[in-house]
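What follows is a set of notes on a single structure, which appears directly below.
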Amino acid sequence: VEHLLPKYVKWPSLRQQYQIEKHYRDTNNFPGVVGCIDGTHIPIRKPPSDESPDSYYNNRLKNYSIVMQVTANPDKSFSHVAAGAPGSVHDARIFKKSDLWFENGQRIDEFFPDPRFHLIADSAYMTKQYILPPFKRYGIITAGHNKFNKVHASVRNVVECAIGALKGRFKRLIHVNLHCPEQATKIALACATLHNFCIELNDITNQEHRDPEDVNPPLNVDQVFGED
C-alpha cells in the first residue's frame, strides 16, 4: 500500500485544479472549488485491550470503527486519503491532525497555488482560507444563506457519492471483520488505492453504499482544540 497509494492517490496539479474548478463553476455555478473533503467510518470488531478499545467506540453509531478522511474529485476518485483515527474522534480533529491542516499559512501554496481555490466541507469543519463549510444552522440564517447552502450541498454530494462508490465496490468496508485497527487501516487504504486504479482504467461502478448515520454533528470547538 505504501508504494502504490502515492502513485494512484495524488493531489491535483495546478493545471488539474483549474480543470476541476472549471467543472464546478460550469456545472454548479460555484467558483473556486478544487475538491470536496469528508470523513467516513469503517466499522471493525472490538479492538484488544492494549489498543484502548473505548476510543474506537462511536456512541452515535453504536459500533467500533476507524475513520477515513478523503478528498474527492468530480469523477469520484480520491486526491487525498488519511485513515486509522479511532471512531470516537470528530472529523474536525482528524482534519487538524492530517497533512491538510496548515498552521499560520505554512505550506498552503504547495497544495493551493491559486489563493482563490478551496475545498468544500460539511459543517463538521471550521472555516479556513482553503476550507469552505456551509453556513451553520444556528444564529441568523437568511434566504441568501439558504440558497448558498443548497448549492454548496449539491457540490459536496460528490464526496458522498465517492465514498458510496468505494463501499459499493469494496463491500468489505461496510464491516471489516478484524479486531486490529492497524490491519483495518491497511485494508481501507488499499481499497481507496484500488478504487482510483479502477477509475483510471475507466472501470466505473454504479453500485453505491450509503451510510445514513455516517454524518457528523455540528462542530464543537472543544472537539478540535481540546487536549491532543
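This chain uses plain numbering: 1 for the first residue, then up along the sequence. Here the structure is a predicted model, which means the values were calculated and not measured.
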Worksheet item: Is a side-chain donor or acceptor of D122 paired with a backbone partner of A124 at a separation under 3.5 angstrom?
Response: yes
Worksheet item: Could you give the distance from NE2 (H145) to NE2 (H152), rounded to the nearest 0.5 Å?
Response: 13.0 Å
Worksheet item: Just wondering, do V34 and P12 contact through their side chains at under 4.5 Å, heavy atoms?
Response: no
Worksheet item: Ignoring hydrogens and geometry, is there a side-chain-to-backbone donor-acceptor pair from Q69 to A82 under 3.5 Å?
Response: no
Discussion item. Test of understanding: clusters of I, L, V, M, F, W, Y form through side-chain heavy atoms closer than 4.5 Å, transitively. Do V155 and V70 belong to the same one?
Written reply: no
Item to complete: Search all heavy atoms of A121 against all heavy atoms of I131 and return the closest pair with its distance.
Response: CB-CG2, 3.9 Å
Discussion item. What's the separation between atom CG in N58 and atom OG in S88, rounded to the nearest 0.5 Å?
Written reply: 7.5 Å
Worksheet item: Hey, quick one: are F102 and L14 part of the same hydrophobic cluster, counting side-chain heavy atoms closer than 4.5 Å, chains of contacts allowed?
Response: yes
Worksheet item: Between atom CZ of R156 and atom CG of L132, what is the distance when rounded to the nearest 0.5 Å?
Response: 10.5 Å
Response to the item:
When every non-hydrogen atom of K76 is compared with those of A165, the smallest separation belongs to CD-CB, 4.3 Å
Worksheet item: Do other residues, nucleotides or ligands put more than 12 heavy atoms under 6.0 Å from the CG atom of D99?
Response: yes
Fill in: Within one Ile-Leu-Val-Met-Phe-Trp-Tyr cluster: V151 and F135, side-chain cutoff 4.5 Å
yes
Worksheet entry | Any Y125 side-chain heavy atom under 4.5 Å of L119 side chain | no
Discussion item. If you take the centroid of each ring, where Trp contributes its six-membered ring, are Y18 and F117 closer together than 6.0 Å?
Written reply: yes
Worksheet item: Hey, quick one: are Y8 and L201 part of the same hydrophobic cluster, counting side-chain heavy atoms closer than 4.5 Å, chains of contacts allowed?
Response: yes
Worksheet item: Is the F111 to Y130 ring centre distance short of 6.0 Å?
Response: no
Worksheet item: Does I174 share a hydrophobic cluster with L194, counting links as ILVMFWY side-chain heavy atoms below 4.5 Å and allowing steps through other members?
Response: no
Fill in: pair H23-Q19: side-chain heavy atoms closer than 4.5 Å
no
Worksheet item: Which pair of non-hydrogen atoms, one from Y64 and one from P53, has the smallest distance, and what is that distance?
Response: CE2-O, 3.4 Å
Fill in: Shortest non-hydrogen separation from C36 to V159 and the atoms involved
O-CG2, 3.5 Å
Discussion item. Tell me whether the count of non-hydrogen atoms from other residues, nucleotides or ligands lying under 6.0 Å of NZ in K22 goes above 12.
Written reply: no
Practice prompt. Side-chain contact test, heavy atoms from C-beta onward, threshold under 4.5 Å: evaluate it for C161 versus V158 and give yes or no.
Written response: no
Discussion item. Is the distance from the ring center of F78 to that of H195 below 6.0 Å?
Written reply: yes
Discussion item. Under the criterion side chain to side chain contact (heavy atoms under 4.5 Å, CB included), I'd like the reasoning laid out for I187 against L178: C-alpha separation, chi angles, the key distance, then a yes or no.
Written reply: CA-CA 10 Å; I187 290 173; L178 292 173; 3.6 Å; yes
Worksheet item: Is E208 reaching over with its side chain to a backbone N or O of G168, donor-acceptor style, under 3.5 angstrom?
Response: no
Item to complete: State the NE2-CG distance between H209 and L173, to the nearest 0.5 angstrom.
Response: 9.5 Å
Worksheet item: Between F112 and W11, does the ring centre distance come in under 6.0 Å?
Response: yes
Worksheet item: Is there side-chain contact between S79 and Q16, with at least one heavy-atom pair below 4.5 Å?
Response: no
Worksheet entry | CZ-SG distance between R169 and C198, expressed to the nearest 0.5 angstrom | 4.0 Å
Item to complete: Test H80 against L100 for side chain to side chain contact (heavy atoms under 4.5 Å, CB included), laying out the working first.
Response: CA-CA 9 Å; H80 187 274; L100 289 181; 3.7 Å; yes
Response to the item:
In terms of heavy-atom contacts, V81 and A192 come closest through CG1-CB, 4.0 Å
Worksheet item: Of the non-hydrogen atoms in K136 and S123, which two are nearest, and what is the gap between them?
Response: CE-O, 3.5 Å
Fill in: K128 atom NZ, neighbour heavy-atom count above 12 within 6.0 Å
yes
Worksheet entry | Within 6.0 angstrom of F197 CZ, more than 12 heavy atoms from elsewhere | no
Worksheet item: Do the side chains of E51 and P181 get nearer than 4.5 Å, heavy atoms only?
Response: yes
Worksheet item: What's the spacing between N149 CG and I141 CD1 if we round to 0.5 Å?
Response: 6.5 Å
Fill in: Main-chain N/O of K46 paired with H179 side-chain donor or acceptor, under 3.5 Å
yes
Worksheet item: Does any non-hydrogen side-chain atom of K167 lie less than 4.5 Å from one of I163?
Response: yes
Item to complete: Please examine the side chains of I44 and Q183, heavy atoms only from C-beta on, and report whether any two atoms are closer than 4.5 Å.
Response: no
